[in-house]
Q: 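Sharing a structure below in structure tokens format, with a few things to ask.
Scope of the values below: all heavy atoms of this structure, side chains included, with no hydrogens, waters or symmetry mates.
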Amino acid sequence: MPELVMENIIGLLNFRSVLTLRHVCKDLMNFVDKLNDSKLPESKFSKIEIDVNSDIYITYGNLATSIYSESDNSRMFNRKGTFLGNSNIVDVAIRDLEQVLKFQKSTLSEFHFRDHQSLNDSKFSNFHVKLSNIFKKLNRKIRTTKLFVTLGNQSEYMSILPFFDSETLEQLVLDTVDNQMQIEIDEIVKTEQWKEANSIFCDFYALNMTVEDISDLQKFSFKMLSISARDLDFLKKIITNSSKFEYSFLHMKYFNEYEEISNIWGPPFHYGSESQWYFRMKNSEENILQIENDRGYHLFSFHKIEIREVPYGTIVQDYNEN
Amino acid sequence: MSSTEQGTSSAAPAEPTTAPESAAAPEVPESFYYVHGKDKVVHKVSAGALQHSALIHGMISNLGYTEEQAKANPFPFENIDGDILQMVVDWCNQHKGKPTPPEDTNLPKQKEKLFDLVLAVNYLEIKELLTYCCKQVAMMVKGKSPEEIREIWMIPTDAEDEAAEKEAKKRAGKEAAGETAAAAGDAK
């Protein structure tokens with residue numbers, strides 16, 4: 001068939017039929033692989049999940065999961081097993097993913113990449129490098145609303161993050177296998193993906209992060225080694241000025257400026273083991289910023305609440321621009 | 001050359017008895033052209049019907065043939081089988097001046113004929129008909145395995161392809177050797 005006709009036919013098939021077509025013969029495989037992404041049908045997955053553990057699991061939307069097992073060097077999909085012979089299972093998994101990504105042009109609601117391997121027992125240590133390489137080869141940014149990445153250090157996160165479209169990304173979740181880890185994030189905070197996201201959640205202790213790096217977010221949760229009372233007050237001021245802020249959690253490993261913060265914010269309202277402060281927000285009669293502190297966990301949580309939710313008898317401090 | 005004047009029977013629908021306002025404009029007589037395929041059977045087709053084919057439309061747009069000149073110079077499409085060209089002409093006549101429907105169920109069911117029609121329509125650049133044909137070819141393989149697709153689309157396996165290639169090379173080599181020997185004989 002002439003090229004134009006084949007392009008027409010491929011555009012009229014669904015993506016699964018096109019993937020099947022690749023296995024008919026070498027010529028068709030080459031033809032499909034060389035075809036511009038815009039000529040390929042859309043896979044329209046809502047979610048892609050990659051889990052790297054003792055085996056590799058890749059799930060596309062509501063389809064069955066592909067399991068790439070090292071122990072018997074096989075791929076299992078839809079209860080159908082394929083022996084992979086001498087092929088490396090990381091290469092096969094990555095190649096399969098690369099094929100599907102060519103068809104995924106619409107915005108995903110979620111993209112998960114969870115590398116659960118501990119540093120000491122890393123069977124597929126180069127997985128994130130190969131993943132990064134196919135993202136690079138794709139030559140266009142992956143569009144997802146929420147991005148969840150579990151890795152072990154800044155350079156690993158940096159090998160993945162820049163390949164996601166910052167304009168569509170709303171929520172970024174960075175996790176680690178061990179949530180006591182301390183990770184430098186001075187490069188990550190400079191990425192467009194960080195700057196454009198509305199919500200960011202990290203489960204590790206973020207090093208080299210300033211309050212300015214998180215002050216523009218709608219929702220966030222971070223762990224820090226410590227924070228000064230002055231920085232906490234700076235954050236409070238930014239939040240009371242923000243029209244989009246909803247909630248945040250700041251968990252400190254060490255914090256011993258309780259006296260200083262009470263001097264700045266005034267005496268707290270005590271509720272059980274928690275201390276609470278209430279501040280009016282800019283240009284709003286209804287919205288109040290509630291700050292709760294649990295001394296036992298060095299946890300400060302910030303919530304935008306409505307005036308009717310403020311406990312009876314509590315003092316709500318006026319909005320203060322300075 | 002045998003000659004039939006087809007395509008004129010399926011002309012435009014009868015004119016309404018009450019003419020619309022636009023009918024007041026003087027009517028331009030419709031011009032006709034002639035085409036034939038491999039079988040040399042000539043088909044008379046109106047310029048309106050031929051507008052579906054970007055190739056033919058491009059060929060006739062500035063030609064200014066009289067009826068006699070057009071009849072004397074049919075467009076030859078030697079690469080298209082007569083029955084396939086007949087299908088194309090019928091389709092162009094049926095859809096002359098009409099918006100094309102979202103799908104066409106009158107395409108050949110026999111896959112060899114459908115593939116020939118695809119090639120002809122692609123050559124003649126009939127966009128809408130090509131889309132219908134491609135849809136039908138695509139539907140044939142939806143949900144099928146690679147082996148089934150190979151059978152439906154009559155695609156040889158890679159091994160068969162390689163064997164055929166080897167055979168062709170071997171034959172070409174023999175022919176070249178034969179020619180060289182003949183040339184050497186001539187030289188003596």
Side-chain angles (χ1 to χ4, degrees), chain A residues 1-45 60-64 66 75-85 87 92 95-96 99-100 102-103, chain B residues 53-55 77 79-80 84 88 100 102-104 107 111-166 168:
Chain A
M1 289 277 179
E3 272 190 25
L4 177 75
V5 175
M6 277 314 298
E7 275 180 21
N8 251 330
I9 293 170
I10 285 172
L12 293 162
L13 288 168
N14 60 31
F15 95 97
R16 278 203 256 181
S17 295
V18 179
L19 285 179
T20 310
L21 215 57
R22 289 183 71 253
H23 297 285
V24 171
C25 67
K26 273 186 203 162
D27 287 348
L28 272 176
M29 184 180 277
N30 290 337
F31 186 81
V32 172
D33 291 350
K34 281 179 189 163
L35 211 54
N36 189 303
D37 290 3
S38 64
K39 304 262 169 70
L40 294 171
E42 167 68 67
S43 52
K44 288 184 190 156
F45 286 126
Y60 305 104
N62 298 324
L63 277 181
S66 294
R75 170 182 48 206
M76 181 71 83
F77 181 73
N78 253 351
R79 283 188 243 154
K80 188 183 160 197
T82 311
F83 178 58
L84 300 174
S87 307
V92 175
R95 209 163 45 231
D96 287 354
Q99 281 309 318
V100 175
K102 285 182 79 177
F103 297 87
Chain B
S53 163
L55 178 82
F77 296 111
N79 52 343
I80 301 174
I84 300 295
V88 173
T100 44
E103 55 187 83
D104 195 323
L107 298 174
K111 63 187 178 193
E112 289 84 354
K113 290 279 173 222
L114 178 65
F115 296 160
D116 285 345
L117 182 63
V118 168
L119 294 176
V121 166
N122 179 56
Y123 177 72
L124 297 170
E125 298 173 50
I126 305 175
K127 204 178 156 197
E128 295 91 344
L129 184 53
L130 183 64
T131 305
Y132 296 141
C133 292
C134 288
K135 257 187 203 169
Q136 188 145 323
V137 176
M139 286 305 293
M140 290 164 107
V141 297
K142 243 178 195 172
K144 299 286 193 295
S145 69
E147 291 72 26
E148 289 169 322
I149 295 175
R150 195 175 294 131
E151 202 171 301
I152 294 167
W153 282 2
M154 301 180 292
I155 296 170
T157 62
D158 287 335
E160 287 167 343
D161 237 2
E162 276 167 28
E165 213 171 285
K166 262 186 196 169

Q: Could you tell me which portion of B:Glu162 (side chain, backbone, both or neither) has an atom closer than 4.5 angstrom to a non-hydrogen atom of chain A?
A: side chain
Q: A:Arg16, A:Met6, A:Met1: which one forms the most heavy-atom pairs within less than 4.5 Å of chain B?
A: A:Met1
Q: First locate atom CG of B:Leu130, then atom CG of A:Asn8, and finally report the distance between them rounded to the nearest 0.5 Å.
A: 5.0 Å
Q: Given heavy-atom pairs under 4.5 angstrom as the criterion, report whether the side chain, backbone, both or neither of B:Tyr123 touches chain A.
A: neither
Q: Which pair of non-hydrogen atoms, one from B:Val141 and one from A:Ser17, has the smallest distance, and what is that distance?
A: O-OG, 4.5 Å
Q: Which residue out of A:Leu13, A:Ile10, A:Leu4 racks up the most heavy-atom pairs below 4.5 Å with chain B?
A: A:Leu13
Q: Is atom NZ of B:Lys127 surrounded by more than 12 heavy atoms (other residues, nucleotides or ligands) closer than 6.0 Å?
A: no
Q: Non-hydrogen atoms of chain B under 4.5 Å away: do they reach the side chain of A:Leu28, the backbone, both or neither?
A: side chain
Q: For the atom pair CG (A:Leu21) and NZ (B:Lys144), what is the distance rounded to the nearest 0.5 Å?
A: 13.0 Å
Q: Looking at B:Glu112, I want to see if its CD is surrounded by more than 12 non-hydrogen atoms of other residues, nucleotides or ligands under 6.0 Å.
A: yes
Q: Within a 6.0 Å radius of atom CE on B:Met139, are there more than 12 heavy atoms belonging to other residues, nucleotides or ligands?
A: no
Q: For A:Ile9, is it the side chain, the backbone, both or neither that has a heavy atom under 4.5 Å from a heavy atom of chain B?
A: both
Q: How long is the gap from CG on A:Asn14 to NZ on B:Lys142, to the nearest 0.5 Å?
A: 5.5 Å
Q: What residue in A:His23, A:Arg22, A:Lys26 has the most heavy-atom pairs under 4.5 Å with chain B?
A: A:Lys26
Q: Counting only heavy atoms not in A:Glu42, do more than 12 sit closer than 6.0 Å to its CD atom?
A: yes
Q: Can you name the closest pair of heavy atoms from A:Thr20 and B:Ser145 and give their distance?
A: CG2-C, 3.9 Å
Q: Can you confirm whether more than 12 heavy atoms, excluding those of A:Asn62, are under 6.0 Å from its CG atom?
A: no
